[in-house]
Colleague: 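First the structure, which I've put down as structure tokens, then a few questions once you've had a look.
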Amino acid sequence: MKKSNIELITSYLDSILPDASCELKYNTDYELVIAVILSSQVTDKKVNEVTDVLFDKYKTLASLKEVNIEQLKEILKPLGMYQKKALFIKDAVLKITDKYNGVVPNSRKELESIHGVGRKVANVILSVLYAIPAIAVDTHVKRIAIRLGIANKKDNNNQIENNLMDILKKDRWSKTHHQLVLFGRYYCTAINPKCENCVLKQICKKDML
Ligand code: SF4
């Protein structure tokens with residue numbers, strides 16, 4: 001991709017989303033891990049509604065460790081795949097408590113040892129909790145990367161992540177990740193994107209896909 005196009009993308013994102021950040025609500029490191037695990041295939045808004053209830057009822061890691069799996073499933077029910085997610089949360093809470101002394105680990109290897117934490121979830125945690133540059137590729141990031149010609153339709157998430165890391169300066173990775181997520185959520189939506197006022201129209205390949 002031409003340098004001028006990369007600059008066009010980053011400066012446009014900076015102009016419309018200067019303060020982009022994670023929209024999941026959390027108060028502690030382990031609450032972020034739980035929220036990110038729960039966010040798979042569901043909106044952050046829905047996750048925040050559920051975690052409002054969960055974190056209000058179980059205010060500490062110790063209380064979450066004791067929660068009965070059936071009670072947990074009941075709270076997570078409004079989310080998709082809640083049975084599986086309840087097991088993931090139990091595993092995360094147990095590992096953070098017993099294996100990592102109550103502190104969310106800051107290495108990819110340790111994070112990915114938790115059930116439900118794959119590369120995307122680990123990238124969000126590393127970037128948001130520990131300010132480690134990372135680009136998590138979700139459905140929004142993938143769609144926009146394809147529309148802007150940063151990736152091909154057949155590329156997998158790892159390839160898209162690599163493409164983005166190649167074209168962006170490392171100190172922009174985390175910021176651009178959040179901007180792309182919000183751009184996809186509020187502007188470049190899957191259906192009826194707001195193309196009229198989009199400066200990226202000049203390089204966008206959406207109509208050719
Ligand atoms: S022109 Fe439309 S489809 Fe292309 S990047 Fe902008 S909002 Fe998205």
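Remember, it's 1-based here, ligands and their atoms both numbered in the order they're listed.
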Colleague: Salt bridge between Lys95 and Asp98, side-chain N to carboxylate O under 4.0 Å?
Modeller: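 Salt bridge flag = no for Asp98 with Lys95.
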Colleague: I need the nearest protein heavy-atom contact for atom 2 (Fe) of ligand 1: residue, atom name and distance, please.
Modeller: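 Atom 2 (Fe) of ligand 1 sits closest to the protein heavy atom Cys195 SG, 2.3 Å.
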Colleague: What residue among Lys46, Lys45, Arg185 forms salt bridge (Lys or Arg N to Asp or Glu O under 4.0 Å) with Glu23?
Modeller: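 Among Lys46, Lys45, Arg185, the one meeting salt bridge (Lys or Arg N to Asp or Glu O under 4.0 Å) with Glu23 is Arg185.
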Colleague: Any non-hydrogen side-chain atom of Leu180 less than 4.5 Å from a side-chain atom of Asp138?
Modeller: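 The answer is no, as the side chains (C-beta and beyond) never meet within the 4.5 Å cut-off.
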Colleague: May I ask you to identify the nearest protein heavy atom to atom 6 (Fe) of ligand 1, giving residue, atom name and distance to one decimal place in Å?
Modeller: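 Checking every protein heavy atom, the shortest distance to atom 6 (Fe) of ligand 1 gives Cys198 SG, 2.4 Å.
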Colleague: Looking at atom 8 (Fe) of ligand 1, what's its closest protein heavy atom, distance included?
Modeller: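 I find the closest protein heavy atom is Cys188 SG, 2.4 Å.
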Colleague: Does some side-chain heavy atom of Leu64 sit less than 4.5 Å from a side-chain heavy atom of Tyr30?
Modeller: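 They are in contact (side-chain heavy atoms under 4.5 Å apart), so the answer is yes.
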Colleague: Is Cys204 close enough to atom 4 (Fe) of ligand 1 that one of its N, O or S atoms comes in under 2.8 Å?
Modeller: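 Looking at Cys204, which is the residue asked about, there is an N, O or S atom under 2.8 Å from atom 4 (Fe) of ligand 1.
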Colleague: Of all the non-hydrogen atoms in the protein, which one sits nearest to atom 3 (S) of ligand 1, and at what distance?
Modeller: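 Atom 3 (S) of ligand 1 sits closest to the protein heavy atom Lys206 CD, 3.3 Å.
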Colleague: If you count the atoms of ligand 1 from 1 in the order shown, which ones are under 4.0 Å from a heavy atom of Arg147?
Modeller: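 Listed by number with element: 3 (S).
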Colleague: Is there side-chain contact between Val181 and Val141, with heavy atoms separated by less than 4.5 Å?
Modeller: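 Contact flag for Val181/Val141 side chains = yes.
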